[in-house]
Amino acid sequence: MKMHFCIPVSQQRPDALGGRYVLYSVYLDGFLFCKVRYSQLHRWNEQLKRVFGNCLPPFPPKYYLAMTTSMADERRDQLEQYLQNVTMDPNMLRSDVFIDFLKLVQLDTFSMATKKASLDILLPDGRSIKIEILTSDTAERVLEVVSHNIGLCQELLEYFSLFLIQFCKEGRLSVVKKLADFELPCVSLRSSEVENCKVGLRKWYLDPSLDARLMDCRTAVDLIYMQAIQDIEKEWAKPTEVQRQKLEALQKEDNQTKFLELAREVQHYGYMRLEPCTCDHPEPGCQALLSVGNNEISCCITLPDNQTQDVIFQMDRVKCWQVTFLGTLLDTDGPQQTLNQNLELRFQYCEDSHWRWFVIYTKQAFLLSSCLKKMISEKMVKQAAENPEMQIEVPEQGKSKKYHIQQNQQKDHSSFLPRKSKIKIAEVDCGFGTIKEDL
């Protein structure tokens with residue numbers, strides 16, 4: 001599936017020869033990832049071609065005369081599509097030429113030099129460990145260092161990931177975003193503009209049955225055990241009173257295996273909990289709490305009369321979804337570094353044999369979209385294991401995934417829909433559009 005790359009902003013800048021060039025602001029998952037020129041991306045594409053040949057997606061052509069506004073908009077759209085498509089190839093994602101370029105532009109954009117650094121990593125139980133890394137180390141590399149320090153088996157790294165986690169009021173935690181393997185955690189902490197934020201280690205799978213694959217590694221069991229305890233304490237998972245008493249007894253005995261077996265029966269165990277948001281169901285403006293996991297979107301909706309209604313959307317009945325930017329970028333000196341304040345995720349759902357759209361307004365729309373992708377990829381892997389006649393290619397977990405499925409199964413793909421509107425503010429050109437996933 002495609003990554004959430006977009007270029008909603010471009011700026012004209014003067015060059016050393018008295019001319020002007022365009023600087024593109026590239027966002028990943030709603031946060032500013034880097035600023036690059038067309039010439040930089042063009043050189044990168046040429047380097048990729050030397051390694052991967054003609055399997056690259058189309059790259060927008062050079063213009064030797066001044067571009068009109070429509071030509072500039074078209075190029076920005078094409079660059080956006082290129083970035084989304086080039087990240088679909090798992091071999092490309094792991095290549096040195098791919099990673100080295102993205103490391104360089106991240107460091108350059110935020111004026112950060114490569115040097116030694118200490119980084120605090122938040123563990124699931126709230127404790128932190130300090131690791132020594134380079135500022136140019138990717139999230140994938142940092143995860144390897146963390147696993148080495150805590151004794152996590154290397155073959156189980158695919159079940160864990162690094163996240164940006166915010167400490168909120170009253171001890172609450174909020175997952176801001178999952179870090180892509182090629183992101184630089186030191187840069188992401190600086191660029192996110194999120195207060196009280198740390199890099200945290202959490203499991204990264206939404207099918208609770210996958211716990212079974214980790215039970216032979218003591219460190220992995222410790223991690224999912226700590227996360228289970230924290231999720232129950234934070235009320236992300238909701239045991240009944242009887243389950244709570246049994247879990248507390250097992251915790252006192254430090255019987256992690258039995259604790260996790262019972263925890264898997266708890267409502268919303270292993271789900272990703274989002275911050276309070278609003279939705280349009282059953283009527284516009286309703287407050288909602290979302291928990292995502294186990295192939296479903298679970299919504300606790302507060303109605304206008306303050307009554308609550310629990311609604312569950314099964315992923316089997318979701319046809320597609322899309323993330324849309326709703327706000328405006330008003331910083332004329334340089335684009336704001338996050339788009340997450342004005343986002344919506346809408347999904348098309350089959351209800352009573354009819355397709356209809358449901359809309360969720362949340363600053364965590366990209367995180368929600370990543371969770372939906374994760375549930376689909378886990379389900380497809382499970383289906384392939386159950387049906388050997390299916391053909392499926394699954395790269396390392398945490399990378400972009402590409403599937404080829406036969407026997408009338410639906411193919412997963414994504415597209416970037418045409419922008420809904422464009423505005424120009426001073427010399428900052430902003431476009432707002434929609435990222436869509438079709439199932």
| query | Looking only at heavy atoms, what is the nearest atom pair of Tyr269 and Pro208, with distance? | reply | O-CG, 3.6 Å
| request: Would you give the length of the straight line joining atom SG of Cys55 to atom CG of Asn91, rounded to the nearest 0.5 angstrom? | output: 8.5 Å
| task | Test salt bridge (charged side-chain N to carboxylate O under 4.0 Å, His left out) on Glu74 and Arg76 and set out the steps. | result | CA-CA 5 Å; Glu74 182 181 19; Arg76 184 169 60 187; over 6 Å; no
| query | So do the side chains of Tyr82 and Thr87 get within less than 4.5 Å of each other, counting heavy atoms only? | reply | no
| field | Donor on one side chain, acceptor on other, Glu132 and Ser118, under 3.5 Å | value | yes
| How far does SG of Cys34 sit from CG of Leu102, to the nearest 0.5 angstrom? | 7.0 Å
| said: Strictly distance-based, threshold 3.5 Å: is any side-chain N or O of Asn387 a donor or acceptor partner for the main-chain N or O of Gln383? | reply: no
| request: May I ask you to test the Val146-Ile131 pair for a side-chain heavy-atom distance under 4.5 Å? | output: yes
| request: Start with the C-alpha gap between Ser291 and Trp236, add the side-chain angles, then the distance that decides, and say whether side-chain hydrogen bond (donor to acceptor under 3.5 Å, both in side chains) holds. | output: CA-CA 8 Å; Ser291 298; Trp236 290 13; over 6 Å; no
| said: side-chain hydrogen bond (donor to acceptor under 3.5 Å, both in side chains), that's the test. Do Glu296 and Tyr271 meet it? Break it down for me. | reply: CA-CA 9 Å; Glu296 68 180 27; Tyr271 286 40; 2.8 Å; yes
| Heavy-atom distance under 4.5 Å between the side chains of Phe160 and Arg202, does that happen here? | no
| task | Taking all heavy atoms of Cys186 and all of Met112, pick out the closest pair and write down the distance. | result | O-CE, 3.8 Å
| said: Is it the case that over 12 heavy atoms from other parts of the model lie below 6.0 angstrom from the CG atom of Asp216? | reply: no
| message | Tell me if a side-chain donor or acceptor on Glu344 pairs with a main-chain N or O of Thr324 at a distance below 3.5 Å. | response | no
| field | Arg13 and Arg20, any side-chain heavy atoms less than 4.5 Å apart | value | no
| Heavy atoms from other residues, nucleotides or ligands near CZ of Arg218 exceed 12 (cutoff 6.0 Å) | no
| Exam field: side chain Gln40 to backbone Arg37, donor-acceptor pair closer than 3.5 Å | yes
| request: State yes or no: are the ring centers of Phe98 and Phe182 separated by less than 6.0 Å? | output: yes
| task | Give a yes or no on whether the backbone of Lys319 and the side-chain of Gln348 come within a donor-acceptor separation of less than 3.5 Å. | result | no
| task | Keeping the roles fixed (side chain from Thr219, backbone from Ile150), state whether a donor-acceptor pair exists under 3.5 Å. | result | yes
| Should Glu183 and Lys178 count as an ion pair when the cut-off is N to O under 4.0 Å? | no
| Pair Lys203 + Asp211: basic N to acidic O under 4.0 Å | yes
| said: For Phe366, is there any backbone N or O sitting under 3.5 Å from a side-chain donor or acceptor partner on Asp29? | reply: no
| query | What's the spacing between Cys279 SG and Tyr361 OH if we round to 0.5 Å? | reply | 9.5 Å
| task | Would you check if the side chain of Thr135 reaches a backbone N or O of Lys115 as a donor-acceptor pair within less than 3.5 Å? | result | yes
| request: Going by the ring pair (Phe, Tyr, Trp, His ring centres under 6.0 Å) test, name the single residue among Trp357, Trp321, Phe358 that passes it with Phe347. | output: Phe358
| said: Can you confirm whether Pro239 sits close enough to Leu247 that some side-chain heavy atom of one is under 4.5 Å from a side-chain heavy atom of the other? | reply: yes
| said: Looking at Gln364 and Val175, would you say the former's side chain and the latter's main chain have a donor-acceptor pair under 3.5 Å? | reply: yes
| query | Looking only at heavy atoms, which two atoms of Lys382 and Ser209 are closest? And how far apart? | reply | NZ-OG, 3.8 Å
| message | Ignoring hydrogens, what is the shortest heavy-atom contact between Leu368 and Leu290? Give both atom names and the distance. | response | CD2-CD2, 4.0 Å
| field | His268 side, atom NE2; Leu289 side, atom CG - distance, nearest 0.5 Å | value | 10.0 Å
| request: Would you indicate whether Gln154, at its atom CD, is surrounded by more than 12 heavy atoms from other residues, nucleotides or ligands within a distance under 6.0 Å? | output: yes
| said: ring-ring contact (aromatic ring centres under 6.0 Å, His included) for Phe59 and Tyr38? Distances and angles first, verdict last. | reply: CA-CA 10 Å; Phe59 190 82; Tyr38 170 86; 5.5 Å; yes
| Option from Val51, Val97, Leu56, Ile99 for which side-chain contact (heavy atoms from CB on, under 4.5 Å) with Met92 holds | Leu56
| With side chains defined as the heavy atoms from C-beta onward, is the minimum distance between Ile165 and Lys198 less than 4.5 Å? | no
| query | Would you call Met226 and Gln256 a side-chain contact if the rule is heavy atoms closer than 4.5 Å? | reply | no
| Contact check, side chains of Val142 and Leu119, non-hydrogen atoms, under 4.5 Å | yes
| said: Looking at Thr109 and Lys35, would you say the former's side chain and the latter's main chain have a donor-acceptor pair under 3.5 Å? | reply: yes
| query | Do Glu46 and Lys49 pass the salt bridge (charged side-chain N to carboxylate O under 4.0 Å, His left out) test, and can you show the C-alpha distance, the side-chain angles, and the key distance before you say yes or no? | reply | CA-CA 5 Å; Glu46 293 300 310; Lys49 282 172 62 177; 3.7 Å; yes
| Does the pair Asp231/Lys234 count as a salt bridge with the N-to-O cut at 4.0 Å? | no
| message | Could you check whether Gln230 and Asp125, counting side-chain N and O atoms only, form a donor-acceptor pair closer than 3.5 Å? | response | no
| field | Trp204 to Glu378 - nearest heavy-atom pair and separation | value | O-OE2, 4.4 Å
| said: Check this for me: does any side-chain nitrogen of one of Arg94 and Asp181 sit under 4.0 Å from a carboxylate oxygen of the other? | reply: no
| Derivation of the salt bridge (charged side-chain N to carboxylate O under 4.0 Å, His left out) call for Asp137 and Lys103 | CA-CA 8 Å; Asp137 280 341; Lys103 286 168 59 173; 5.7 Å; no
| task | Might you work through the side-chain hydrogen bond (donor to acceptor under 3.5 Å, both in side chains) test for Asp207 and Asn295, ending with a clear yes or no? | result | CA-CA 7 Å; Asp207 179 353; Asn295 208 37; over 6 Å; no
| Of the non-hydrogen atoms in Ser25 and Leu32, which two are nearest, and what is the gap between them? | CB-CD1, 3.9 Å
| said: Any carboxylate oxygen within less than 4.0 angstrom of a Lys/Arg side-chain nitrogen, looking at Arg273 and Glu235? | reply: no
